[in-house]
Amino acid sequence: IERGELIKTKIVSVASEELKKASVAERMGKRPIEWSLENVEGVYQYVKTLSAGCYLHINQEYRNTKLGFTSLGEKGKKSEDIRSEVGLRFKDIINSNATVDHFTADQLLIYLALAGEGSFITNQITDHVRTIAVLIEKFLPVRFTICGLEVKANYFKEKSFDSEDK
């Protein structure tokens, strides 16, 4: 349950064409010093849209996993505020030693259950993760253990009752 070696960091900043004059994509994607990231690939795009808008996404690809965070722009929200939000939230994920972010954790539980075993570390155990784990346990022969920020799945064989046991 380790991320492995960092391969690359990518920042994707996309804005509608009508925001190009204000350099929104570049302003959102500009890397602040406090992010302290190395080997960053930046992608800045302007696209045709039905209405003005933007988003900023950052991800890091490791040998064993990929972690990321995205924020959407909205009218009245400054590009720099979007950049700060993404930076702070992503930094929380990275500093947690997570192999899976909390937005993805609940979605992976069914795959761990179907595999019969497995584990991951997330940056936050949400009520949704706990609820989905209990729900899956009702339908499949698997038990989830949550210890700190680590989630483990283990297959178990239910005791069968034949006619001699009655």
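Please read these numbers as outputs of a predicted model, since none were measured by experiment.
N123 places no side-chain N or O within donor-acceptor distance of the main-chain N or O of A98, the cut-off being under 3.5 Å. In this structure a side-chain-to-backbone donor-acceptor pair under 3.5 Å is present from Y46 to A25. No donor-acceptor distance shorter than 3.5 angstrom exists from the side chain of N154 to the backbone of E117, with no hydrogens or angles considered. Under the 3.5 Å distance criterion, the side-chain polar atoms of T65 are matched with a main-chain donor or acceptor of T99. Formation of a donor-acceptor pair under 3.5 Å by the T122 side chain with backbone atoms of I125 is not found in this model. When atom types are taken as modelled, the side chain of R89 and the backbone of S84 share no donor-acceptor pair closer than 3.5 angstrom.
Atoms NZ and CZ, on K66 and R3 in that order, are 14.5 Å from each other to the nearest 0.5 Å. Atoms OG and OH, from S13 and Y55 in turn, are 9.0 Å apart once rounded to the nearest 0.5 Å. The structure places CD1 of I132 at 6.5 Å from CD1 of I136, a figure rounded to the nearest 0.5 Å. Of the inter-residue distances, the one linking C54 atom SG with E18 atom CD reads 11.0 Å to the nearest 0.5 angstrom. One distance of note links CZ of F90 with CG of L67; it measures 6.5 Å at 0.5 Å rounding. Atom CG of D81 and atom CD of E74 lie 10.0 Å apart (nearest 0.5 Å).
A pairwise comparison of heavy atoms in F156 and L140 identifies CE2-O, 4.4 Å as the closest pair. When all heavy atoms are compared, the tightest approach of R83 to R27 is NH1-O, 2.8 Å. Shortest non-hydrogen contact noted between V142 and A113 is CG1-CB, 3.6 Å. When every heavy atom of A133 is checked against every heavy atom of L109, the shortest pair comes out as N-CD1, 3.8 Å. Taking all atoms of both residues into account, the shortest heavy-atom contact from H102 to Q124 is CB-O, 3.4 Å. Looking at every heavy atom in both residues, A105 comes nearest to V100 through N-CG1, 3.6 Å.
Residue N95 qualifies as enclosed at atom CG: its count of foreign heavy atoms under 6.0 Å is above 12. For E2, the CD atom is loosely surrounded, since the number of other residues' heavy atoms within 6.0 Å does not exceed 12.
The hydrophobic clustering, which links ILVMFWY residues whose side-chain heavy atoms are closer than 4.5 Å, places F103 and L72 apart. Residue V43 is not grouped with residue V24 when hydrophobic side chains (ILVMFWY) are merged at heavy-atom distances under 4.5 angstrom, including chains of intermediate members. Linking Ile, Leu, Val, Met, Phe, Trp and Tyr whenever their side-chain heavy atoms come within less than 4.5 Å leaves V12 and V40 in two separate clusters. Both I110 and L112 are part of a single hydrophobic cluster, where members link through side-chain heavy atoms under 4.5 Å apart.
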Next on the checklist: Using salt bridge (charged side-chain N to carboxylate O under 4.0 Å, His left out), reason through K10 and E61 one step at a time and then give a plain yes or no.
Outcome noted: CA-CA 8 Å; K10 187 172 185 178; E61 183 179 336; over 6 Å; no
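With I11 as reference, L56 is the one residue of N59, L56, V86 to meet the side chain to side chain contact (heavy atoms under 4.5 Å, CB included) rule.
Here K77 pairs with E85 in a salt bridge; the nearest charged N to carboxylate O distance falls below 4.0 Å.
Contact of the V134 side chain with the F144 side chain is not registered, since no non-hydrogen atoms from C-beta on lie closer than 4.5 Å. Contact check for L19 versus K21: no side-chain heavy atoms found under the 4.5 Å cut-off. Taking 4.5 Å as the limit, some side-chain heavy atom of R130 sits within range of a side-chain heavy atom of I146.
With sequence neighbours left out, E150 forms a side chain to side chain contact (heavy atoms under 4.5 Å, CB included) with I1, S119, I121, K152. With sequence neighbours left out, L6 forms a side chain to side chain contact (heavy atoms under 4.5 Å, CB included) with T9, Q60, Y62.
Judged as a side chain to side chain donor-acceptor pair (under 3.5 Å), the pairs with a partner in residues 103-112 (not counting sequence neighbours) are, in order, D101-T104, D106-H128.
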